[in-house]
Amino acid sequence: MSSVMVRVPGTCGEWVQGWFSGEPVLVSCPIDRYVHVTVTRRVDGSLSLPHDCEKAAQAAARVR
C-alpha cells in the first residue's frame, strides 16, 4: 500500500478575483488553519478515503 497526505490552508476570502491583461487573477488571504486528507492505495488498486469524502471519492474514480 502507498499513501499520500495533502494539507491545504484555509482562507478568509479573496481580496481580488477577476481578470488582468487577459489572464485570470485570484488573490486570497491564507490563514493559519489547515484541512488535511490521507488517501491510501490498497494492494488491489482501490483507494481508501475517509468516509465523509464522497465528492473526493467520485473525482478519484473518474481519473484512475
Side-chain angles (χ1 to χ4, degrees):
M1 284 194 286
S2 61
S3 296
V4 63
M5 193 271 286
V6 177
R7 183 177 138 184
V8 180
T11 70
C12 63
E14 286 75 41
W15 288 353
V16 177
Q17 182 176 358
W19 294 84
F20 180 75
S21 297
E23 296 291 325
V25 175
L26 177 65
V27 179
S28 60
C29 180
I31 58 175
D32 194 21
R33 291 189 59 125
Y34 293 83
V35 63
H36 69 274
V37 65
T38 300
V39 178
T40 303
R41 181 176 299 277
R42 297 183 182 122
V43 175
D44 67 1
S46 64
L47 298 178
S48 173
L49 291 151
H51 71 281
D52 59 346
C53 293
E54 293 177 31
K55 288 182 182 180
Q58 291 171 2
R62 290 182 180 145
V63 297
R64 284 199 284 169

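From a predicted model like this one, the values you see are computed outputs, not experimental measurements.
- In this structure a side-chain-to-backbone donor-acceptor pair under 3.5 Å is present from Arg41 to Gly45.
- The minimum heavy-atom distance linking Val25 with Phe20 is given by the pair CG2-CB, 3.6 Å.
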What side-chain donor-acceptor pairs closer than 3.5 Å can you find for residues 3-16, not counting sequence neighbours?
residue: Ser3; atom: OG; partner: Thr40; partner atom: OG1; Å: 2.8
residue: Thr11; atom: OG1; partner: Gly13; partner atom: N; Å: 3.4

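- For Asp32, there are no side chain to side chain donor-acceptor pair (under 3.5 Å) partners at least two apart in sequence or on another chain.
- The closest side-chain heavy-atom distance from Ser48 to Val39 is not below 4.5 Å.
- Contact between Cys53 and Val37 at its shortest, heavy atoms only, is SG-CG2, 4.2 Å.
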